[in-house]
Amino acid sequence: MTLTVNQFVRIFAGAFVLISLALGVEGSPLFVSKNFLWFTAFVGANLFQSGFTRFCPLEIFLRKAGVQDSAGCR
């Protein structure tokens with residue numbers, strides 16, 4: 001199974017949100033600082049704007065790295 005650009009973007013976004021929440025929420029055993037929640041907000045804002053503008057820096061990087069675009073709907 002080959003991962004596509006769309007799948008990589010979702011995986012990266014989900015991982016960054018979960019990691020930043022783990023580092024930013026006081027009840028977490030991995031808590032470092034509440035400031036990590038700003039990173040969660042940044043990822044969410046980037047996903048939101050890319051839904052309208054179709055501009056996503058990670059997509060550009062992944063395409064240049066040779067990751068395939070999705071072949072279409074299944």
Side-chain angles (χ1 to χ4, degrees):
M1 176 176 119
T2 303
L3 294 176
T4 64
V5 170
N6 263 346
Q7 290 169 309
F8 269 113
V9 168
R10 290 177 180 165
I11 290 167
F12 272 78
F16 278 116
V17 166
L18 291 174
I19 291 167
S20 63
L21 284 174
L23 296 172
V25 174
E26 286 188 36
S28 168
L30 302 176
F31 174 74
V32 174
S33 169
K34 285 185 178 182
N35 288 325
F36 276 100
L37 297 178
W38 286 107
F39 193 72
T40 307
F42 170 76
V43 172
N46 191 36
L47 287 169
F48 184 75
Q49 71 79 26
S50 70
F52 291 104
T53 64
R54 300 200 63 194
F55 173 74
C56 179
L58 181 58
E59 281 185 10
I60 295 167
F61 173 78
L62 290 170
R63 286 188 184 113
K64 285 185 179 184
V67 177
Q68 285 184 331
D69 278 320
S70 57
C73 297
R74 293 182 195 186

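Positions are given from 1 along the sequence. Computation of the quantities below employed the complete heavy-atom set of this structure, encompassing side-chain atoms and omitting hydrogens, waters and symmetry-equivalent molecules.
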What is the distance from atom CD of Q68 to atom CZ of F8, rounded to the nearest 0.5 Å?
10.5 Å
Which heavy-atom pair separates A22 from S28 by the least distance, and what is that distance?
O-OG, 2.7 Å
Run the side chain to side chain contact (heavy atoms under 4.5 Å, CB included) test against F36 and tell me which residues pass, sequence neighbours left out.
L23, V32, S33
Are L18 and L58 connected, step by step, through hydrophobic side chains (Ile, Leu, Val, Met, Phe, Trp, Tyr) whose heavy atoms are closer than 4.5 Å?
no
A41 meets the side chain to side chain contact (heavy atoms under 4.5 Å, CB included) criterion, sequence neighbours left out, with none
All ring pair (Phe, Tyr, Trp, His ring centres under 6.0 Å) counterparts of F16, not counting sequence neighbours:
F39
Membership question, hydrophobic clusters at under 4.5 Å side-chain separation (ILVMFWY): are I19 and F12 in the same one?
no
Nearest heavy-atom approach of V5 to R63 is CG2-CG, 4.0 Å
F31: what forms a ring pair (Phe, Tyr, Trp, His ring centres under 6.0 Å) with it, not counting sequence neighbours?
none
Side chain to side chain contact (heavy atoms under 4.5 Å, CB included) partners for Q49, two or more places apart
N46, T53, F55
On a heavy-atom basis, the closest approach of A13 and L47 is CB-CD1, 3.9 Å
Same cluster (ILVMFWY, side-chain, under 4.5 Å), V9 and F42
yes
Closest approach of V67 to L3 (non-hydrogen atoms, all atoms of both residues)
CG1-O, 3.8 Å
Any heavy-atom pair between the side chains of L21 and L37 that's under 4.5 Å?
yes
Non-neighbouring partners of R10 that pass salt bridge (charged side-chain N to carboxylate O under 4.0 Å, His left out), sequence neighbours left out:
none
